[in-house]
Amino acid sequence: MLPKTYDPKAVEDAIYKRWEESGAFRPESCDPKGEPFTISMPPPNATGQLHLGHAVMLALEDIFIRFERMRGKKTLWIPGTDHAAIATENVVIKQLKDKGMKDPRKELGREKLIAAIAEFVEKSKATIRSQVRKMGSSCDWFRERYTFEPALNRCVNEVFCRMYKDGLIYRGHRIVNWDPKLQTTVSDDEVEYKEEKSAFYTFQYGPFQIATARPETKFGDKYVVMHPEDKRYAKYKHGETFDAEWINGPVRATVIKDASIDPEFGTGVMTITPWHDHTDFAIAEKHGLEKEQIIGFDGKLLPVAGEFYGMKIDDARPLIVEKLKSKGLLTKVDENYVHNKAVSQRGGGAIEPQIKLQWFIDVNKEVVPWKGETMSLKQIMHSVVHHGDIAIIPDRFEKTYFHWIDNLRDWCISRQIWWGHRVPVWYKDDETCVDPVAPKGQGWEQDTDTLDTWFSSALWTWSTLIDPKKAADPSLSLEEILKQSPDFQTFHPTSVMETGYDILFFWVARMILMTTYTTGQIPFKTVYLHGMIRTRDGKKMSKSHPETMIDPLDIIPKYGADALRLSMIVGQSPGADSRLYEEKIAGYRNFVNKLWNASRFVLMQCEEAKIDPKTITKLPKTSELSLADRAMLSKLQAVTKKVTDGLTEYRLSEAGDTLYSFVWDDFCDWYLELSKGNANCAVLTHTLRKILQLLHPYCPFVTEELWSHVKSDDAGLLISKSWPEVKKELIDVEAEEAFLQLISVIQAVRKIRSEQGIEPGKEIAAIIHTQKWMDLLESQEAHIRRLGKIENLTFETDAKPHKNAASVFLSDIEVHVPLEGLIDVVAERKKLQKEKEEIECFLQGIDAKLQNADFTAHAPEKVIAAEREKQKANVEKLRKIEQRLKMLEK
RNA sequence: GGGCAAUUAGCUCAGCUGGUUAGAGCGCCACAUUGACAUUGUGGAGGUCACAAGUUCGAAUCUUGUAUUGCCCACCA
């Protein structure tokens, strides 16, 4: 016999092991003729622990996969981890520093640091693997991949070189986002803007007033820019020069007219610092102006700063202002100026724009063949979503996606860190060699930069499907490797890419870019974006506030993986943030336990009837079924359809919610209750089995465990069981309707009990006046007695009023419970009066509606018919209430 | 500055293309309790569906505007 309470801790790990050993996670175990269904798991960063974001991702993808697997598709879910270049290098460097090392990069050197990181990553991968298992993820571990493995490196190198040859990758001096703290460039998407209040200074610069928040960049300024239409400065001509006294003495400056200047802002004139500002750089490029570096890559001022040379910019700023002030050049200070400061998403330090020799991907060059046209990478990215090759759920993100593409600049892909795929370019004297493998001969030095981690992640959907052995064969081209990799041929393009909306640009867009370019295929057909999980107050969970964090690893032992999964999926709509807190998880834990006990009940009924549930293989004939049986089986068909449709259309929350209320409200609260006394074990078992099947994608552990107790002998694991089909012959609308009537009678009796304050346990009698439901109710007498706790039950067709009886009027039935002088006539009258008024008011509304010619002309017949029904039922009810009131008058 | 979303019960949220007297979970109140389940059951209280105007026979649902909140993008020297 099952224990009274479900204990997930006791069974989850063993069940997972059984699944894994059965081979059920592998596509090889599926029907070979099944249509492929593939998901590439977004690889968690190999930096440590899984968090709730991963848990959501794993739960959603596991639901997709389990559902499609049960539906007979050849499903493949590839797990993996990401080497997460900057993030991982940071973590390890920090760890080494905590151990007392001052500058790990210098002290260890490239080789040793990489070895240290690799060691850390291996440990971290092991942790992640076990955590992914804890969530119940049914992914194919034999195909686990890693973004920094040799096969991936091969792909990265091949793609890089091909893009270089196509002119899509170039090296150039361009303004980039420099992170002085991490000593590397970062891409535009890795820069965040934080609001900051700072002083805003206005200085005298020759005849002009110029405003700036960053006086420390102004040493090299020798251009003043203004709008060509600005009348205030009409007398100055473009290209004209003037002399000005400046920080370190006199300078000669040139006037530049450019329409990008906002005449309304500040004084309408500014000086520019092309080396350290994106906008200024663009102006300088346009007019062919000189550029000069002011701030070094270490964040300190260069010799151009004169006496301030070598100072950190933050320290120098007040001194520079002081100096200009003493020279009488400071004309105004606004202390409350609010502007956005660029900070590094990774390191958190200030970002300093710098001009640097870097590698870029050109997103505008139209050289890529796509569907018979030659397009730029930007255009392809736009096209595949625009033409519906790729659908984004929810679709509003398509707009965001297009907007991002429109604003996309060339992607800076080189990084000055050591952990990552190294740029496959070699230099020797003046020669440059771009090739996947190192050139032969002495003296070649490989480029010291590594690639943006998203460069390799962008290849994820297809690089994980290539055969690593083929990838190791240098004689094969990338095309040949793809052609000779059966997994790639079978499983690509993948079916669904499920990930958080926060990496739509970082990752999803880049996969589209790189995969269409490399393979000529889209990477996936559907993008499903989930929202962020927030705290109860709607705040972000952050590491800096540990009390706000919910750690899946704390939750799983306490509530079970199933409860956690449900709490993150039900009530959550795609793309929308949701809040998670323990009470919610506990609620689903209760649900899982309810299911457990319902199964226990079924098993007990079978035991009592001396029927082994494992021998039950089919349902009894319809003629042998009770009303409740037929109603239940009928309802089960509707639920099966709704859940199947919901899962097919990615409405997971709705389908989950349907199951939740079906199990709790219909199956447990009514069907099981009605089964007490005369249980039909075959129907009970059948229904429970179907429920377990339908719920399996949502809560795989508990359903698998229960399945082992109720399945038929020849059935294997639930994970490999086929998905329930809708059986039309079991749909029985009449039974469902009759069942509702039965329930309302029982509820009516309960209500009277409650309203009249009838003592608990005290048996009462009820008289039921029926019209058309007479036969039904008589046949259900035992149920009504038991569930309504009624001693005597009388059915009458003529509506003779009973004096000392409380009444409830249903549309077709009225129920009276005779009370021995207990009835409070005044209260009863008041209640009925109120009810009467309500019905009258309601009937007036319906009358008006039905009288309205426009309504009868426009409304669909179904709606009109429903209104008529309502009217009839309520008129009848009203009549009864009036009769009853008259009687009470006496 | 541009864009996207949200606003429904004390809290967290459903409510699909307009059509029963607007729902659920948690919380709250009352009652129940030996045998599936206290991780329970029954009953109940609680809502001018943010506001305003419009379209319609009919609006939580569609349109427009307003307010509040959140997010994304751009960025101003």
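Letters A, B, ... mirror the listed sequences (proteins, then strands); counts begin at 1.
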- Query: Relative to the 5' end of RNA chain B, which residue comes earlier, A:Arg750 or A:Leu672, by the nucleotide with the nearest heavy atom?
  - Reply: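 Whichever sits nearer the 5' end wins; that is A:Leu672.
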
Tell me which nucleotide among [options] gets nearest to the side chain of [X].
X: A:Asn590; options: B:rG25, B:rA36, B:rU40; value: B:rU40
X: A:Arg589; options: B:rU39, B:rC26, B:rC37; value: B:rU39
X: A:Pro860; options: B:rU20, B:rC57, B:rG19; value: B:rG19
X: A:Phe601; options: B:rU39, B:rA36, B:rC26; value: B:rA36

Please report the distance, rounded to the nearest Å, between [atom1] in [X] and [atom2] in [N].
X: A:Glu582; N: B:rG27; atom1: CD; atom2: P; value: 14 Å
X: A:Lys849; N: B:rU21; atom1: NZ; atom2: P; value: 6 Å
X: A:Phe591; N: B:rG25; atom1: CZ; atom2: C1'; value: 12 Å
X: A:Tyr401; N: B:rC73; atom1: OH; atom2: P; value: 16 Å

- Message: With heavy-atom distances below 4.5 Å as the criterion, would you say the side chains of A:Tyr559 and A:Glu582 are in contact?
- Response: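 The answer is yes; the side chains approach within 4.5 Å.
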
- Query: Would you say the side chain of A:Thr254 lies within less than 4.5 Å of the side chain of A:His287, judging by non-hydrogen atoms?
  - Reply: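 No, too far: nothing below the 4.5 Å cut-off.
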
- Query: Is any NZ, NE, NH1 or NH2 atom of the basic residue among A:Lys834 and A:Glu837 found under 4.0 Å from an Asp or Glu carboxylate oxygen of the other?
  - Reply: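 No, A:Lys834 and A:Glu837 are not salt-bridged.
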
- Task: Ignoring backbone atoms, test whether A:Trp664 places a side-chain nitrogen or oxygen under 4.0 Å from the OP1 or OP2 oxygen of B:rG41.
- Result: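 So the side-chain polar atoms of A:Trp664 do come within 4.0 Å of the phosphate oxygens OP1 or OP2 of B:rG41, strictly under.
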
- Message: Check this for me: does the side-chain of A:Lys4 come within 3.5 Å of the base of B:rC37 through a donor and an acceptor?
- Response: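 Side chain to base: no pair present.
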
- Message: If I pick the P atom on B:rC26 and the same atom on B:rU21, what distance separates them, to the nearest angstrom?
- Response: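 One P to the other, the span is 28 Å.
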
Show each protein N/O and nucleotides 4-14 of chain B N/O combination with a separation under 3.5 Å, one pair to a line.
{"residue": "B:rU12", "atom": "OP1", "partner": "A:Arg579", "partner atom": "NH1", "Å": "3.0"}
{"residue": "B:rU12", "atom": "O4'", "partner": "A:Tyr581", "partner atom": "OH", "Å": "3.1"}
{"residue": "B:rU12", "atom": "O2'", "partner": "A:Tyr581", "partner atom": "OH", "Å": "3.4"}
{"residue": "B:rU12", "atom": "O2'", "partner": "A:Lys584", "partner atom": "NZ", "Å": "3.4"}
{"residue": "B:rC13", "atom": "OP1", "partner": "A:Arg579", "partner atom": "NE", "Å": "3.3"}
{"residue": "B:rA14", "atom": "OP1", "partner": "A:Ser573", "partner atom": "OG", "Å": "3.4"}

Where do N or O atoms of nucleotides 74-77 of chain B meet protein N or O atoms at under 3.5 Å, pair by pair?
{"residue": "B:rC75", "atom": "N3", "partner": "A:Asn340", "partner atom": "ND2", "Å": "2.7"}
{"residue": "B:rC75", "atom": "N4", "partner": "A:Asn340", "partner atom": "ND2", "Å": "3.3"}
{"residue": "B:rC76", "atom": "OP1", "partner": "A:Thr279", "partner atom": "OG1", "Å": "2.5"}
{"residue": "B:rA77", "atom": "OP2", "partner": "A:Tyr337", "partner atom": "OH", "Å": "2.0"}
{"residue": "B:rA77", "atom": "O3'", "partner": "A:Thr212", "partner atom": "OG1", "Å": "2.9"}
{"residue": "B:rA77", "atom": "N6", "partner": "A:Asp262", "partner atom": "O", "Å": "3.0"}
{"residue": "B:rA77", "atom": "N6", "partner": "A:Phe265", "partner atom": "O", "Å": "2.6"}

- Message: Heavy atoms only, 4.0 Å cut-off, all strands: where does A:Ala866 land among base, sugar-phosphate and nothing?
- Response: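 Counting heavy atoms under 4.0 Å across all strands, no contact is made by A:Ala866.
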
- Message: Give me the stems containing RNA chain B, sorted by first residue, counting only three or more consecutive Watson-Crick or G-U pairs with both distances under 3.5 Å; say none if there aren't any.
- Response: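 Only these stems qualify: B:1-7 with B:67-73, B:10-13 with B:23-26, B:28-32 with B:40-44, B:50-54 with B:62-66.
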
